[in-house]
Amino acid sequence: MHVPDGFLDAPTSVATAAVAAGGVALALRGARRELDERTAPLAGLTAAFVFAVQMVNFPVGAGTSGHLMGGVLAAVLVGPWTAVLCMTVVLVVQALLFADGGLTALGTNVTLLGLVAIAVGWAVFRLLTAVLPTTRGSVLAAAGTAAFVSVPVAALAFVGLFAVGGVADVAVGTVAAAMGGVHVLIGLGEAAITVAVVGAVLAVRPDLVHGARALRRAALLAERPTSVPAGAR
Amino acid sequence: MSGSAQVPAPPAGSEPVSPVSGSAHVPAPHGSKPAGPARRGRGPWVAGLAVALLVAGVVSWYASASPDGLEWAAEQAGFLDTAEDSAVAASPLADYGVSGVGSERLSGGLAGVVGVLVTLLLAGGLALLLRRRGRDAAPAED
């Protein structure tokens, strides 16, 4: 879902560029808390991986395709602020080198695929991991659900922008219906890829997965000698 | 995707404070591996990069050529024609191909590999610049 130049008018594009710039500025601060010697390389690899997988459009029926957005995947792997930076780098590379996504629409794309998808997806992930038992299966279920939700939400956020600043004179309801339905299907693909990749990384290097920190704390406590009375901490 | 929480156990008594602590979360069996940053092996990193390169360089050839969700919806709703060419539409890598490379398959694969490497360098470089050092950092990681 890369918005090309021309769909949205100039004021809307300027506004989303300002929102994107603000979000990236916040992410540059927030990411400092998430990144250390061990996780920094994973951030680079995550961005590269998202770029690669975004090239592989999968069919979703009716002559339509979709591809991974990757925001939730990145957020679970490296943390939400770092994920915003990863997505921004991917979108900048795509827009500047590959003419994928418009240049004037870059702020729109960072806002939708970076900020909106990650903010909503991370909120869903945190909520689910808070209520589910602290297990690897819960992390995967939460990641998959968050990834699924993030896609139609980003699509509907585009519809909102279109309602405000769409260049074409088209009923917003028509756009919403077309965008919503197909992006629910694409969200299923997003969930499948996210669960597969997070599962693979958890199997190999669980210590690096930002979204699984609670698992490590639980494991560390479980390893304590049984003589420690319950509730001693 | 089993539900079992098989997180490698840390050495007993290690403090559950900072995820940054350099103390190994992996038990000792890899004792033959060299000490230092490569202690736990470069395997997963090399594998991760190899998968990314393979996906962008080879698997991408098999991607669906159908319009993506946004393009499709724009066509359905009747505003696809308002899309304009990007200002960099003449870029030598535009539309995931390397201009001048005859084989479409090779052209797309090379573009994917270039994109993965550029993204890795930019995002990895940025992450290394921002990373936490000093107080919390693992000891003796140069």
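Letters A, B, ... are given to chains in the order of the sequence lines, protein chains preceding strands, and every chain is numbered from 1. Fair warning: this is a prediction, and the values are worked out from it, not measured in the lab.
- Heavy-atom pairs under 4.5 Å with chain B peak, among A:Thr39, A:Asn57, A:Val89, at A:Asn57.
- Note that CG of A:Asn109 is 8.5 Å distant from CG of B:Leu70, once rounded to the nearest 0.5 Å.
- For B:Val88 against A:Leu96, the heavy-atom pair with the smallest separation is CG2-O, 3.6 Å.
- For A:Val170, the part sitting under 4.5 Å from any heavy atom of chain B is the side chain, from C-beta outward, and nothing else.
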Please evaluate residues B:Arg131 and A:Asp36 with respect to the criterion salt bridge (Lys or Arg N to Asp or Glu O under 4.0 Å), reporting the C-alpha separation (whole Å), side-chain torsions for both, the decisive distance (0.1 Å), and the verdict.
CA-CA 5 Å; B:Arg131 78 190 190 278; A:Asp36 59 42; over 6 Å; no
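- The most heavy-atom pairs under 4.5 Å with chain B, out of A:Ala212, A:Pro41, A:Ser138, A:Gly66, come from A:Pro41.
- Under the 3.5 Å distance criterion, the side-chain polar atoms of B:Arg132 are left unmatched by any main-chain donor or acceptor of A:Glu34.
- Contacts with chain A were tallied for B:Gly124, B:Ser66, B:Ala56, B:Ala77; B:Ser66 has the most, counting heavy-atom pairs under 4.5 Å.
- Counting all heavy atoms, side chain and backbone alike, A:Met179 lies closest to B:Ala73 at SD-CB, 3.4 Å.
- Using a 4.5 Å cut-off between heavy atoms, B:Leu128 contacts chain A through both its backbone and its side chain.
- Interatomic distance, B:Leu93 CG to A:Gln94 CD, rounded to the nearest 0.5 Å: 12.5 Å.
- Annotation: side chain of A:Val56 is not in contact with side chain of B:Tyr62 (no heavy-atom distance under 4.5 Å).
- Taking the side chain as every heavy atom from C-beta outward, A:Asp5 and B:Asp85 never approach each other to under 4.5 Å.
- How far CG of B:Leu120 is from CG of A:Leu45: 6.5 Å, rounded to the nearest 0.5 Å.
- Neither the backbone nor the side chain of B:Leu53 comes within less than 4.5 Å of any heavy atom in chain A.
- Looking only at heavy-atom pairs under 4.5 Å with chain A, the residue among B:Pro67, B:Gly108, B:Ala65, B:Gly57 that has the most is B:Pro67.
- Looking at A:Val53, both its backbone and its side chain come within 4.5 Å of chain B, counting heavy atoms on both sides.
- Neither the backbone nor the side chain of B:Ala90 has a heavy atom closer than 4.5 Å to any heavy atom of chain A.
- Atoms OG and CG, on B:Ser86 and A:Leu103 in that order, are 4.0 Å from each other to the nearest 0.5 Å.
- Under the 4.5 Å side-chain criterion, counting only non-hydrogen atoms from C-beta, A:Leu97 is in contact with B:Val118.
- The most heavy-atom pairs under 4.5 Å with chain B, out of A:Gly101, A:Ala178, A:Ser65, A:Ala168, come from A:Ser65.
- Under a cut-off of 6.0 angstrom, the local environment of CD in B:Glu71 is crowded, with over 12 non-hydrogen atoms contributed by other residues, nucleotides or ligands.
- Proximity to chain B is absent for every atom of A:Leu8, based on heavy atoms less than 4.5 angstrom apart.
- Note that CD of A:Gln54 is 9.5 Å distant from OG1 of B:Thr119, once rounded to the nearest 0.5 Å.
- Between A:Phe162 and B:Phe79, the ring planes lie tilted relative to each other; the angle falls in the 30° to 60° range.
- Contacts of A:Leu28 with chain B are made by both backbone and side-chain atoms, with heavy-atom separations under 4.5 Å.
- Of all the heavy atoms in B:Gly69 and A:His183, the pair that sits closest is C-CE1, 3.7 Å.
- Using a 4.5 Å cut-off between heavy atoms, A:Ile186 touches chain B through its side chain atoms alone.
- For chain B, the option among A:Ala31, A:Ala47, A:Gly63, A:Ala43 with the highest count of heavy-atom pairs below 4.5 Å is A:Gly63.
- Taking chain A as the reference chain and counting heavy-atom pairs below 4.5 Å, the highest number among B:Ala89, B:Gly112, B:Ala87 is found for B:Gly112.
- Nearest heavy atoms, A:Ala40 versus B:Ala127: O-CB, 3.6 Å.
- Residue B:Trp61 does not touch chain A at all, counting heavy-atom pairs closer than 4.5 Å.
- The aromatic rings of A:Phe98 and B:Tyr96 lie parallel to each other, with less than 30° between the two planes, well short of the 60° mark.
- Of the listed residues B:Ala111, B:Ala47, B:Gly125, the one with more heavy-atom pairs under 4.5 angstrom with chain A than any other is B:Ala111.
- Of the atoms belonging to A:Val139, not a single heavy atom falls under 4.5 Å from chain B.
- Looking at A:Ala171, neither its backbone nor its side chain comes within 4.5 Å of chain B, counting heavy atoms on both sides.
- With values rounded to the nearest 0.5 angstrom, A:Phe7 atom CZ is found 8.5 Å from B:Asp81 atom CG.
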Run A:Thr64 and B:Asp68 through side-chain contact (heavy atoms from CB on, under 4.5 Å) and show every step you take.
CA-CA 6 Å; A:Thr64 316; B:Asp68 78 358; over 6 Å; no
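- Annotation: A:Asp169, atom CG; neighbour count of heavy atoms from other residues, nucleotides and ligands within 6.0 Å does not exceed 12.
- Proximity to chain B is absent for every atom of A:Thr82, based on heavy atoms less than 4.5 angstrom apart.
- Here the closest heavy-atom approach between residue A:Arg205 and residue B:Trp45 is recorded as NH1-NE1, 3.9 Å.
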